A.B. asks: 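Okay, handing you the structure first.
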Amino acid sequence: VQLQASGGGLVQTGASLRLSCAGSGRTLRTDSIGWFRQAHGKEREFVAGIRWTDNNKFYTDFAKGRFTISRDNAKNTVYLQMNSLKPEDTAVYYCALKIGSLIQSSFKRELAYDYWGQGTLVTVSS
C-alpha cells in the first residue's frame, strides 16, 4: 500500500490550494484517511480526517470553516481543499491511512494509522 500526497506549493495569504492523497495497492472503501501537518520546529498535528464507510468527516478547530476533506471513489483519492490560507498554515502536509474505520477520537492519533504518505510542502507568504 502506498500513499502519494501532492498539490503543495508557494501561495500568498488568502489563496487556496487543493492537496491530493492518492492510494495505490489497496482500494479505499472501508478505510480511514487523515491529513496531518508539521511546521518547522513543531510537532505534527492532525488537520482533518474522513471515514470512507459513512463519509463522516472530522476537523481540528483551526481547519473548520476553511478546509474541506473529500473523497473520490473512482480515483481512490482523498482531497484537502484549503481556503483562506494564512502564513501559520505553512507546513509539510501528510496523509495517512488506517485500514478499517476509526472512531472520531482516534483520528488525531498518529499511532492509529498504518501507512503514511511522503508529505507535500505548503508555504504561505505574507
Side-chain angles (χ1 to χ4, degrees):
V1 177
Q2 289 189 326
L3 299 176
Q4 181 70 40
S6 62
L10 172 63
V11 297
Q12 292 186 333
T13 296
S16 298
L17 277 176
R18 188 178 76 161
L19 306 184
S20 299
C21 177
S24 60
R26 177 177 175 84
T27 301
L28 305 176
R29 292 293 179 271
T30 58
D31 302 330
S32 304
I33 298 286
W35 280 101
F36 289 75
R37 72 183 188 183
Q38 187 169 23
H40 182 68
K42 295 186 177 181
E43 293 186 351
R44 190 155 53 185
E45 60 181 349
F46 174 72
V47 178
I50 186 167
R51 190 162 55 212
W52 213 282
T53 52
D54 55 13
N55 204 30
N56 269 356
K57 303 167 186 179
F58 309 97
Y59 299 93
T60 195
D61 286 345
F62 66 74
K64 291 177 182 177
R66 295 193 300 130
F67 295 0
T68 302
I69 190 169
S70 63
R71 69 183 191 195
D72 185 324
N73 288 352
K75 295 184 177 180
N76 217 38
T77 297
V78 171
Y79 302 101
L80 184 68
Q81 176 69 41
M82 305 187 296
N83 299 328
S84 303
L85 284 164
K86 307 173 183 180
E88 51 263 43
D89 294 318
T90 295
V92 177
Y93 284 72
Y94 300 88
C95 59
L97 164 69
K98 165 63 180 179
I99 296 177
S101 293
L102 284 172
I103 59 174
Q104 181 176 355
S105 61
S106 292
F107 270 89
K108 62 184 179 182
R109 295 178 54 242
E110 294 182 44
L111 292 178
Y113 296 87
D114 301 304
Y115 299 94
W116 289 80
Q118 84 289 0
T120 184
L121 176 63
V122 173
T123 304
V124 185
S125 64
S126 56

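Keep in mind it's a predicted model, so treat the numbers as computed, not measured. These numbers come from the heavy atoms of this one structure, side chains and all, not from hydrogens, waters or symmetry mates.
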A.B. asks: Report whether M82 and Y59 are members of the same hydrophobic cluster (ILVMFWY, side-chain heavy atoms less than 4.5 Å apart, transitive linking).
C.D. replies: yes
A.B. asks: Tell me the disulfide (SG to SG under 2.5 Å) pairs involving residues 73-126, sequence neighbours left out?
C.D. replies: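 For residues 73-126, and leaving out neighbouring residues, the disulfide (SG to SG under 2.5 Å) pairs sorted by first residue read C21-C95.
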A.B. asks: Quick one: which residue pairs count as a disulfide (SG to SG under 2.5 Å) with a foot in residues 31-76, not counting sequence neighbours?
C.D. replies: none
A.B. asks: Applying ring pair (Phe, Tyr, Trp, His ring centres under 6.0 Å), name anything that partners W116, two or more places apart in sequence or on another chain.
C.D. replies: F36, Y113
A.B. asks: Can you list everything that forms a ring pair (Phe, Tyr, Trp, His ring centres under 6.0 Å) with Y79? Sequence neighbours excluded, please.
C.D. replies: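 Scan of Y79 (ring pair (Phe, Tyr, Trp, His ring centres under 6.0 Å), adjacent residues dropped) gives none.
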A.B. asks: List the residues meeting side-chain hydrogen bond (donor to acceptor under 3.5 Å, both in side chains) with Q81, not counting sequence neighbours, and say none if there are none.
C.D. replies: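 Q81 satisfies side-chain hydrogen bond (donor to acceptor under 3.5 Å, both in side chains) with N83 once adjacent residues are dropped.
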A.B. asks: What residues, two or more places apart in sequence or in another chain, satisfy salt bridge (charged side-chain N to carboxylate O under 4.0 Å, His left out) together with R26?
C.D. replies: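 For R26 the salt bridge (charged side-chain N to carboxylate O under 4.0 Å, His left out) partners, ignoring immediate neighbours, are D31.
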A.B. asks: Only counting residues at least two apart or in another chain, list the ones meeting side-chain hydrogen bond (donor to acceptor under 3.5 Å, both in side chains) with Y94.
C.D. replies: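 Residues passing side-chain hydrogen bond (donor to acceptor under 3.5 Å, both in side chains) with Y94: none at all.
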A.B. asks: Kindly write out the residues that satisfy salt bridge (charged side-chain N to carboxylate O under 4.0 Å, His left out) with R18, not counting sequence neighbours, or none if the list is empty.
C.D. replies: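 For R18 there are no salt bridge (charged side-chain N to carboxylate O under 4.0 Å, His left out) partners, ignoring immediate neighbours.
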A.B. asks: Who passes side-chain hydrogen bond (donor to acceptor under 3.5 Å, both in side chains) against R66, sequence neighbours left out?
C.D. replies: D89
A.B. asks: If the condition is salt bridge (charged side-chain N to carboxylate O under 4.0 Å, His left out), which residues does K75 pass it with, not counting sequence neighbours?
C.D. replies: none
A.B. asks: Would you please name every residue forming a salt bridge (charged side-chain N to carboxylate O under 4.0 Å, His left out) with R51, sequence neighbours left out?
C.D. replies: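 Expected list: D54.
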A.B. asks: Sequence neighbours excluded, which residues qualify as side-chain hydrogen bond (donor to acceptor under 3.5 Å, both in side chains) partners of T53?
C.D. replies: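 side-chain hydrogen bond (donor to acceptor under 3.5 Å, both in side chains) list for T53, sorted by chain: S101.
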